[in-house]
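Notes for the one structure printed next.
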Amino acid sequence: MSAPENKPASKLSDLGVTQPAQVAPLFAEVRARFDGEVTKDFIEVLWKEFRDEWLGRKSGVLAQITNNWLKPATPDLKPAIGAALNELRAHVEAKIEERRVAIEKSEEEWALSRERVDLSLPGVVRPVGSHHLIRQVFQEIEDIFVSIGFSVVEGPEIETPYYNFEALNIPEFHPVRDDMDTFYLDLPKGAKTPLLLRTHTSPMQIRTMEKQKPPVRVIVPGKVYRRDNPDATHSFAFHQIEGLAVDTDITFCDFTGTIEYFVKQFFGPSVKTRFRPSYFPFTEPSVEFDVSCPFCSGTGTSAAGGTCSKCKGAAWIELFGAGMVDPAVYGFVNYDARKVSGFAFGIGIDRLAMLKYGIDDIQVFFQNDVRFLRQFP
Ligand code: DAH
């Protein structure tokens with residue numbers, strides 16, 4: 001299809017227009033062409049081109065009419081052409097502006113539709129994590145002790161032999177060091193002191209008392225490390241909560257009362273506690289605390305009639321070691337052993353969690369298998 005003839009590019013004389021009566025049809029033709037084009041589907045760039053094609057100052061169609069028709073017109077044609085041109089200009093300008101507004105609006109709508117949030121679409125489901133069972137048990141125990149005035153402190157997992165052993169009244173060559181097969185770090189020659197992964201949370205007893213005068217009431221949750229071969233009840237890393245209370249006039253009764261309170265809070269009010277003599281270099285006397293088996297109500301017999309699998313028929317379950325702080329320990333932290341007294345305990349968290357939640361292999365705590373973790377949301 002050839003482009004429509006652009007009459008405004010030609011002079012009136014060339015178009016054969018000599019009579020005023022010919023003016024109206026001529027303008028009608030131009031206007032019809034404009035009306036045919038102005039409704040086309042424009043994007044903004046094309047609209048600008050179209051606007052310039054018609055309204056461009058130098059060579060737009062209307063400028064051509066001015067130059068080719070109006071200016072050279074004979075006096076009898078001029079009024080008719082002038083009037084028709086004004087009318088055409090008003091029409092062209094109005095329509096082109098109308099289109100501009102429409103194009104702008106539709107572009108805005110399009111942008112809006114792209115940005116609109118479609119609430120009917122399925123959302124992005126992000127997996128929500130939860131606390132590890134060990135962390136949950138820590139929390140449970142912390143809550144119990146915090147409720148009776150203890151505060152929670154934490155300490156370094158890399159220790160010096162002084163804090164891990166000596167200041168706890170465990171001198172070098174003391175036989176209990178053999179029980180704690182220790183990970184020593186490889187250090188450059190000439191290092192000031194050997195370093196090791198703490199074998200228990202007890203070093204924090206010393207660090208706490210060094211920093212703070214009595215009264216002291218702290219618990220210390222944390223990871224500890226020993227060169228144990230992994231099996232269902234041993235792992236090279238495990239968890240403890242240390243407890244320490246030191247003040248004037250703390251008695252053995254305060255000690256057992258506190259432990260009993262904790263055990264009842266943790267296992268339920270119907271359990272009983274007992275303690276047996278034991279030995280730890282940093283406590284004197286030292287004890288081992290037992291709880292009456294919460295699973296068979298301390299009978300040793302399961303509900304079905306057989307031997308209770310938790311306490312193996314013993315009716316008691318060994319819980320943790322504890323004792324009155326050995327006066328020798330106070331000597332390491334400049335406490336006056338004649339004025340203060342206190343107690344300490346060290347709870348193995350993994351064993352407690354296994355007991356309470358019926359878990360028979362300590363390794364599951366460290367394997368991070370989500371099928372296990374999800375059972376304790
Ligand atoms: N630190 C000891 C261990 O890991 C546990 C322990 C026993 C801690 C008696 C204490 C305590 O504070 O009084 O085997």
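Order of appearance sets the numbers: ligands from 1, and atoms from 1 within every ligand. None of these values were measured; they are calculated from a predicted model. Values reported hereafter were calculated over all heavy atoms of this structure, with side chains retained and with hydrogens, waters and symmetry mates removed.
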Report the C-alpha distance between F262 and F289 in whole Å, list the side-chain angles of each, state the deciding distance to 0.1 Å, and finish with yes or no for ring-ring contact (aromatic ring centres under 6.0 Å, His included).
CA-CA 12 Å; F262 159 67; F289 261 95; 9.8 Å; no
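- At least one N/O-N/O distance between F345 and ligand 1 falls below 3.5 Å.
- Here the protein heavy atom with the shortest distance to atom 11 (C) of ligand 1 is F282 CE1, 3.5 Å.
- Side chains of R99 and V38 form a contact here, defined as non-hydrogen atoms less than 4.5 Å apart.
- At a heavy-atom cutoff of 4.0 Å, ligand 1 is contacted by both the backbone and the side chain of A344.
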Would you check, one step at a time, whether the test side-chain hydrogen bond (donor to acceptor under 3.5 Å, both in side chains) holds for D290 with T273?
CA-CA 6 Å; D290 296 346; T273 55; over 6 Å; no
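- Of all protein heavy atoms, the one lying nearest to atom 12 (O) of ligand 1 is E242 OE2, 2.6 Å.
- In plain terms, the two heavy atoms of I241 and P221 that are nearest each other are CG1-CA, 3.8 Å.
- Distances below 4.0 Å separate heavy atoms of S202 from the following atoms of ligand 1: 1 (N), 8 (C).
- Aromatic ring centres of F366 and F372 lie farther apart than the 6.0 Å criterion allows.
- Aromatic rings from H239 and F365 are positioned such that their centres are separated by 6.0 Å or more.
- Residue-to-ligand polar distances keep T283 apart from ligand 1: every N/O pair is separated by 3.5 Å or more.
- Residue contacts with ligand 1: F320 is excluded, as none of its non-hydrogen atoms falls under 4.0 Å.
- For ligand 1, the atoms sitting less than 4.0 Å from at least one non-hydrogen atom of G323 are 13 (O), numbered in the order shown with element in parentheses.
- Atoms of ligand 1 found under 4.0 Å from any heavy atom of A322, numbered from 1 in the order shown, are 9 (C), 11 (C), 13 (O).
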Salt bridge (Lys or Arg N to Asp or Glu O under 4.0 Å) between R100 and E97, intermediate numbers included
CA-CA 5 Å; R100 186 190 64 76; E97 174 62 9; 2.7 Å; yes
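- Below 3.5 Å of separation, one finds no N or O of G321 facing any N or O of ligand 1.
- The shortest N or O to N or O distance between Q240 and ligand 1 is below 3.5 Å.
- Numbered from 1 in the order shown, with element, the atoms of ligand 1 that lie under 4.0 Å from a heavy atom of Q205 read 12 (O).
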For E288 and R274, what are the C-alpha separation, side-chain angles and deciding distance, and is it a salt bridge (Lys or Arg N to Asp or Glu O under 4.0 Å)?
CA-CA 8 Å; E288 206 61 62; R274 73 174 185 190; over 6 Å; no
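- Between F282 and F165, the ring centre distance reaches or exceeds 6.0 Å.
- Residue contacts with ligand 1 include R226, since one of its heavy atoms falls under 4.0 Å from the ligand.
- The protein heavy atom nearest to atom 5 (C) of ligand 1 is G346 CA, 4.1 Å.
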